[in-house]
Amino acid sequence: MSDFDIDGPVWLPTLAPSMAQYLAPNFQPMPLIPVLALLAAIFYLSGAIRLWRQGRSWSPIRTASFLIGCLAVMVVMGAGIEGYGLGMFSIFMFQQLTLMMAVPPLLVLGSPGTLLLRATPRNGLGLPALRLAIWGLRSRWGRLAIHPAFMVPLFLLSFYGVYFSGMADRLLTNWYGHVGLELVFLFAGVLFTIPLLSADPLPRRQSHLGRMIDVFAEMPLHAFFGVVIMMSTKPMVTFFSTAPASWNVDPMADQAVAGGLAWAYGELPSVLMLLYILVRWHRDEARSWVRAERKIATEGTPELDAYNDYLIQLASQPEPKRSTRS
């Protein structure tokens with residue numbers, strides 16, 4: 001257990017893992033992802049404040065959702081838990097699930113794309129940013145990125161492909177591979193969540209039924225992945241079987257915890273997203289019904305009225321006399 005080694009600018013804890021150590025402000029030498037999350041929060045909040053100062057509305061709920069998502073990234077990737085995630089499968093799995101399942105809905109529900117289009121100045125440096133955003137929305141690459149044929153396999157490959165192909169053992173041995181995987185997890189989670197929950201102007205928008213199918217397609221495969229890890233009798237990732245001796249971690253017990261997290265923690269956000277889709281579907285149907293009723297009240301139903309008039313004319317015509325034979 002003393003052969004653990006990882007290349008690059010990393011900080012490894014010396015004490016045994018505990019909740020206090022997980023939340024301790026022990027930052028990594030190069031906290032790339034927490035810094036990116038902090039910058040995203042600053043830019044988002046500056047855009048919201050710009051709209052509020054102009055007297056234009058912007059939802060505080062959306063703002064809180066996005067900022068909470070950024071805060072979750074900064075804590076999970078920036079506190080002491082990141083140090084333990086370098087050598088414990090369960091902690092790394094918790095971080096992956098947070099980046100892929102818990103954080104993306106919070107970020108997407110913040111509607112950052114809509115805020116960008118509304119708050120960015122139409123002159124100076126804002127104009128190129130707007131043009132780039134509009135190009136991304138209208139390009140075929142944008143349509144491909146959120147198409148189910150691309151984002152669902154990418155999402156699942158982040159689990160099956162990483163751990164069943166040996167990719168994890170090759171990448172987790174250095175800081176660059178470790179952080180690179182975490183960025184891929186966040187990217188895959190956001191791409192998976194955008195067509196399901198986003199209210200931003202998208203190049204293509206799925207039907208509510210299509211969104212439910214995507215969630216249902218992901219849930220059993222995701223649960224199966226967790227069950228496979230829990231039932232495995234040997235380390236799935238050899239790298240995690242050599243954690244520092246001072247941590248006093250049993251690799252197989254830790255792997256079982258990782259599988260349990262993949263099965264339980266990974267399913268909860270999927271269920272919540274499914275409920276959200278159902279609620280939005282019901283709300284949209286109710287709004288469509290109200291609009292239809294208003295249209296009938298103001299404009300009437302010309303086609304139905306014409307058909308009724310036709311039936312009345314038929315009924316008012318005298319019946320033809322029947323000839324009688326003697």
Side-chain angles (χ1 to χ4, degrees), residues 6 10 17 22-23 28 31-34 36-37 69-108 151-193 215 218-230 232 235-241 243 249 251 254-273:
I6 180 170
V10 298
Y22 292 152
L23 299 178
Q28 292 294 318
L32 176 63
I33 296 180
L36 292 177
C70 292
L71 178 62
V73 173
M74 286 186 281
V75 172
V76 174
M77 296 289 105
I81 189 174
E82 171 68 358
Y84 291 99
L86 295 170
M88 292 178 61
F89 197 179
S90 60
I91 300 302
F92 185 72
M93 179 60 66
F94 173 79
Q95 292 177 301
Q96 176 178 354
L97 293 168
T98 302
L99 290 174
M100 296 186 67
M101 305 294 296
V103 168
L106 293 171
L107 299 180
V108 171
M151 57 89 173
V152 173
L154 175 64
F155 189 84
L156 295 176
L157 283 173
S158 298
F159 291 98
Y160 291 89
V162 168
Y163 297 105
F164 292 172
S165 67
M167 186 185 303
D169 277 320
R170 291 190 294 270
L171 294 178
L172 293 176
T173 57
N174 61 81
W175 178 86
Y176 304 97
H178 183 92
V179 174
L181 271 181
E182 291 173 336
L183 289 173
V184 170
F185 294 154
L186 181 59
F187 178 72
V190 169
L191 286 185
F192 180 79
T193 308
V215 176
E218 181 272 335
M219 290 177 66
L221 296 175
H222 192 244
F224 178 72
F225 171 79
V227 172
V228 169
I229 292 180
M230 285 191 293
S232 178
M236 296 288 297
V237 182
T238 306
F239 176 75
F240 287 127
S241 64
V249 174
D254 185 61
Q255 178 171 287
V257 174
L261 286 171
W263 175 65
Y265 177 28
E267 290 301 299
L268 179 60
S270 297
V271 173
L272 294 178
M273 284 195 292

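Bear in mind that the values here come from a model prediction, so they are computed numbers and not experimental data.
In this structure Y22 satisfies the side chain to side chain donor-acceptor pair (under 3.5 Å) test with no other residue, sequence neighbours excluded. Residues passing the side chain to side chain donor-acceptor pair (under 3.5 Å) test with D254 are S90, sequence neighbours excluded.
Residues P17 and V249 have side chains in contact (heavy-atom distance under 4.5 Å, counting atoms from C-beta outward). Between F224 and Y160 the shortest side-chain heavy-atom distance falls below 4.5 Å. Taking the side chain as every heavy atom from C-beta outward, M273 and M219 never approach each other to under 4.5 Å. You'll find the side chain of L172 stays beyond 4.5 Å of the side chain of I6, heavy atoms only. The shortest side-chain heavy-atom distance between M88 and V257 does not fall under the 4.5 Å cut-off. Side-chain contact check for F159 versus L97: some heavy-atom pair is nearer than 4.5 Å. Side-chain contact between V184 and V162: absent, with no pair of heavy atoms (C-beta onward) separated by less than 4.5 Å. Contact of the F185 side chain with the T98 side chain is not registered, since no non-hydrogen atoms from C-beta on lie closer than 4.5 Å.
In this structure, Q255 contributes its side chain and F89 its backbone to no donor-acceptor pair below 3.5 Å. Checked by atom type and distance alone, the side chain of Q95 pairs as donor or acceptor with a backbone atom of V76 at under 3.5 Å. Remark: the backbone N or O of V228 is not paired with any side-chain donor or acceptor of S232 at under 3.5 angstrom. A donor-acceptor pair is defined here as one N or O able to donate and one able to accept, closer than 3.5 Å; such a pair exists between the side chain of Q96 and the backbone of S158.
If you take CG on L157 and OH on Y163, they are separated by 13.0 Å, rounding to the nearest 0.5 Å. Residue L186 holds its CG atom at 9.5 Å from CG of L191, rounded to the nearest 0.5 Å. Put simply, CE on M101 and OG1 on T193 are 7.5 Å apart, with the number rounded to the nearest 0.5 Å. If you take SG on C70 and CG on L106, they are separated by 9.5 Å, rounding to the nearest 0.5 Å. Interatomic distance, CG of D169 versus CZ of F240, reported as 8.5 Å (0.5 Å rounding). One finds the CE atom of M100 at 10.0 Å from the CE atom of M93 (value rounded to the nearest 0.5 Å).
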* Could you check L156 against F225 for side chain to side chain contact (heavy atoms under 4.5 Å, CB included), going step by step and ending with a plain yes or no? => CA-CA 9 Å; L156 295 176; F225 171 79; over 6 Å; no
* Check the pair H178 / F92 against side chain to side chain contact (heavy atoms under 4.5 Å, CB included), numbers first and verdict last. => CA-CA 10 Å; H178 183 92; F92 185 72; 3.5 Å; yes
* To do: Assess whether side chain to side chain contact (heavy atoms under 4.5 Å, CB included) is satisfied between Q28 and V179, documenting all intermediate values.
  => CA-CA 11 Å; Q28 292 294 318; V179 174; over 6 Å; no
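Heavy-atom minimum distance, A37 versus V73: CB-CG1, 3.7 Å. Listed here is the closest heavy atom pair of S270 and V215: O-CG1, 3.7 Å.
Counted within 6.0 Å of CH2 on W263, heavy atoms from surrounding residues, nucleotides or ligands total 12 or fewer; the atom is thus considered open. Counting heavy atoms of neighbouring residues, nucleotides and ligands inside a 6.0 Å radius, atom CZ of F164 exceeds 12 of them.
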